[in-house]
Chemist: 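Sharing a structure with you now.
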Number of protein chains: 2
Amino acid sequence: MQYDLILSNIGKYVKLTEAEASFFTSKLQLKEVGKKAYVLQQNERCRHLYFLNSGTLRAFHLTARGKESTVMFAIADWWITDMYAFTNDQPSVMNIKAVEDSQLMCLSYPDLELIWEKIPKFEKFFRILMQKAYVREQLRSIQNLSLPATERYDRFVSKYPAIVKKVTKKQIASYLGVTPEFLSTIRKER
Amino acid sequence: MQYDLILSNIGKYVKLTEAEASFFTSKLQLKEVGKKAYVLQQNERCRHLYFLNSGTLRAFHLTARGKESTVMFAIADWWITDMYAFTNDQPSVMNIKAVEDSQLMCLSYPDLELIWEKIPKFEKFFRILMQKAYVREQLRSIQNLSLPATERYDRFVSKYPAIVKKVTKKQIASYLGVTPEFLSTIRKER
DNA sequence: AATAAAAATTAATGTACCTTAAGAATACAA
DNA sequence: TTGTATTCTTAAGGTACATTAATTTTTATT
């Protein structure tokens with residue numbers, strides 16, 4: 001049922017007993033959002049960590065001048081939140097919006113702290129999750145600094161084919177840090 | 001003595017007993033490196049996680065065409081390694097080199113696993129460490145995508161004044177993703 | 001199906017930043 | 001202290017990418 005995906009996601013890294021699993025799932029809230037709905041608005045407090053059961057989300061930062069920068073995409077089986085705002089209880093620095101109808105599991109920070117306290121295995125699980133997220137971001141930084149846009153696009157397409165199928169070119173452009181017009185000329189060259 | 005800094009660093013987030021602290025420090029190896037010495041070479045295996053007692057290190061990626069991109073700097077009280085290579089036992093994607101004479105504590109992956117197993121509090125500590133590193137990298141990505149070089153420089157200087165004192169303009173330029181020549185024209189405008 | 005709205009493309013022009021090259025300042029080694 | 005390397009700066013010319021604007025294509029709405 002609705003907890004299968006999230007439990008198997010966690011199960012890749014730690015083994016939970018029945019009791020632990022049911023304590024954990026008792027803290028989850030199901031949320032359904034329609035396409036274009038906001039899961040989080042920039043400057044608001046970010047009260048939840050989200051796990052995607054289905055659908056697609058996009059996190060993006062908006063500058064004063066209205067420029068959008070895509071921070072990340074999430075599809076089924078991914079975790080997403082504004083980690084800065086969520087863990088520091090600060091106004092969020094990004095929006096999270098549904099690219100298509102999506103189903104999410106929500107976990108509040110107080111509940112997450114309870115879970116960490118009661119089931120230390122979850123510290124391990126989140127350590128691994130954060131470690132992988134850190135590595136992903138660091139490799140992205142390296143690529144942004146060292147590669148021209150054309151190669152960044154090629155690598156994005158081959159690394160995230162499932163995402164490419166779901167999101168617009170405009171959204172990919174804002175993830176890569178180029179305009180949609182320029183991405184279009186890049187693609188013509190292929 | 002030599003363990004004071006690292007223990008107080010850890011103590012900010014978890015409280016260790018005497019026995020735990022001494023088990024932990026028993027796994028640490030002291031290393032001294034001279035200015036310009038390599039702590040890690042790109043493509044080599046990355047066998048250690050490092051904590052800086054003193055000095056300054058710089059991690060940078062080198063492209064086939066010889067272009068350097070600075071991934072991060074580390075000064076006293078910072079942790080540093082090629083986290084991708086270290087945790088996945090893969091060839092490293094970056095070099096780590098001493099900007100000045102430095103003293104480090106080294107921890108191997110097998111020892112770190114022992115520590116995690118024996119003292120679960122260390123899972124929590126590293127969860128927090130990875131979480132902060134992830135947030136730092138994500139905010140950097142946002143800034144790289146949304147701000148022009150001149151503002152990225154200003155923010156770097158105000159966020160990391162202690163690092164600015166230690167490293168060259170050329171190294172800062174390669175962290176910001178601009179050439180030293182262009183950084184020079186930016187600085188003239190201040 | 002018709003209309004509206006958003007995305008994608010194309011092309012002309014513009015600019016932030018790069019490349020090359022040379023000179024000046026700073027640090028390093030003999 | 002002198003020479004040598006490295007960094008930093010300045011300036012001219014070049015390029016990757018942005019901006020603007022118009023057209024086409026795709027998607028969403030009634």
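Each chain gets a letter, A, B and so on, in the order the sequences are listed, and its residues count up from 1.
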Chemist: Could you state the atom-to-atom distance from NZ of B:Lys36 to P of C:dA27 in whole Å?
Modeler: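 So the two atoms are 13 Å apart, to the nearest Å.
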Chemist: Does the gap between the ring centers of A:Tyr175 and A:Phe73 come in under 6.0 Å?
Modeler: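 Close enough - the centres of the two rings lie under 6.0 Å apart.
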Chemist: Starting from P on D:dT7, measure out to CD on B:Glu68 and report it in whole angstrom.
Modeler: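 Atom-to-atom, B:Glu68 to D:dT7, this comes out as 9 Å.
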Chemist: Rounded to the Å, how far apart are B:Glu189 CD and D:dC8 C1'?
Modeler: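 Taking atom C1' of D:dC8 as the reference, CD of B:Glu189 is at 16 Å.
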Chemist: Write down the distance between CG (B:Leu145) and C1' (D:dA18), rounded to a whole number of angstrom.
Modeler: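 Whole-Å distance recorded here is 15 Å.
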Chemist: Side chain to side chain contact (heavy atoms under 4.5 Å, CB included) between A:Asn144 and B:Asn144: does it pass, once the steps are laid out?
Modeler: CA-CA 8 Å; A:Asn144 283 343; B:Asn144 282 344; 5.6 Å; no
Chemist: Taking the side chain of B:Glu181 as heavy atoms from C-beta outward, which of C:dC17, C:dT10, D:dT9 is closest to it?
Modeler: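 So the nucleotide nearest the side chain must be D:dT9.
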Chemist: Tell me the interatomic distance from B:Arg65, atom CZ, to C:dT19, atom P, rounded to whole angstroms.
Modeler: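 Rounding to the nearest Å, CZ of B:Arg65 and P of C:dT19 are 11 Å apart.
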Chemist: Mind checking if B:Lys35 touches a base, just sugar-phosphate, or nothing, with heavy atoms under 4.0 Å?
Modeler: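 If one applies the 4.0 Å heavy-atom cut-off, B:Lys35 turns out to touch the sugar-phosphate alone, with no base involved.
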Chemist: Side chain of A:Phe182 only, heavy atoms from C-beta on: which candidate in D:dA16, C:dA11, C:dC18 is closest?
Modeler: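 Between D:dA16, C:dA11, C:dC18, the one nearest the side chain of A:Phe182 would be D:dA16.
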Chemist: What is the separation between atom CD1 on B:Ile186 and atom C1' on D:dT10, rounded to the nearest whole Å?
Modeler: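 In whole Å, D:dT10 C1' and B:Ile186 CD1 are 15 Å from each other.
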Chemist: Let me see the working for B:Arg58 and B:Glu68 under salt bridge (Lys or Arg N to Asp or Glu O under 4.0 Å), right down to the final yes or no.
Modeler: CA-CA 11 Å; B:Arg58 181 174 72 105; B:Glu68 278 187 12; 2.9 Å; yes
Chemist: Report the distance from atom CG of B:Asp101 to atom C1' of C:dC28, rounded to the nearest whole Å.
Modeler: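 About 14 Å, once rounded to whole Å.
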Chemist: State which residue, out of A:Phe126, A:Phe86, A:Tyr50, fulfils the ring pair (Phe, Tyr, Trp, His ring centres under 6.0 Å) condition with A:Trp79.
Modeler: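 Output: one option passes, namely A:Phe126.
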Chemist: Whole angstroms only, please: what is the CD-C1' distance between A:Glu100 and D:dA28?
Modeler: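 It is 15 Å, rounded to the nearest whole Å.
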Chemist: Heavy-atom contacts under 4.0 Å between residues 166-178 of chain A and DNA chain C, which residues?
Modeler: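 Those residues whose heavy atoms fall under 4.0 Å from DNA chain C, taken from residues 166-178 of chain A in numerical order, are A:Thr168, A:Lys169, A:Lys170.
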Chemist: Give me the one residue out of B:Thr81, B:Ile80, B:Leu104 that meets side-chain contact (heavy atoms from CB on, under 4.5 Å) with B:Leu49.
Modeler: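 Of B:Thr81, B:Ile80, B:Leu104, side-chain contact (heavy atoms from CB on, under 4.5 Å) with B:Leu49 is met by B:Thr81 alone.
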Chemist: Under 30°, 30 to 60°, or over 60°: which ring-plane class applies to A:Phe122 and A:Phe125, parallel, tilted or perpendicular?
Modeler: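 Taking A:Phe125 first and then A:Phe122, their aromatic rings stand perpendicular (interplane angle over 60°).
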Chemist: Out of the candidates A:Gln131, A:Gln138, A:Arg136, A:Lys132, only one should pair with A:Tyr134 under the side chain to side chain donor-acceptor pair (under 3.5 Å) rule; please name it.
Modeler: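 Of A:Gln131, A:Gln138, A:Arg136, A:Lys132, side chain to side chain donor-acceptor pair (under 3.5 Å) with A:Tyr134 is met by A:Gln138 alone.
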Chemist: Bend angle of the helix from C:dA1-D:dT30 to C:dA30-D:dT1 from five-pair axes at both ends, rounded to 10°?
Modeler: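 The angle, to the nearest 10 degrees, is 60°.
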Chemist: Output the single nucleotide from D:dT9, C:dC17, C:dA6 whose closest atom is nearest the side chain of B:Ala149.
Modeler: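 Output: C:dC17.
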Chemist: B:Arg187 or A:Thr150: which one's nearest nucleotide on DNA chain D is closer to the 5' end?
Modeler: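 Per heavy-atom nearest nucleotide, the more 5' residue is B:Arg187.
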Chemist: Please confirm whether the shortest side-chain N or O distance from B:Thr179 to OP1 or OP2 of C:dC18 is below 4.0 Å.
Modeler: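 The answer is yes; a side-chain N or O of B:Thr179 sits under 4.0 Å from OP1 or OP2.
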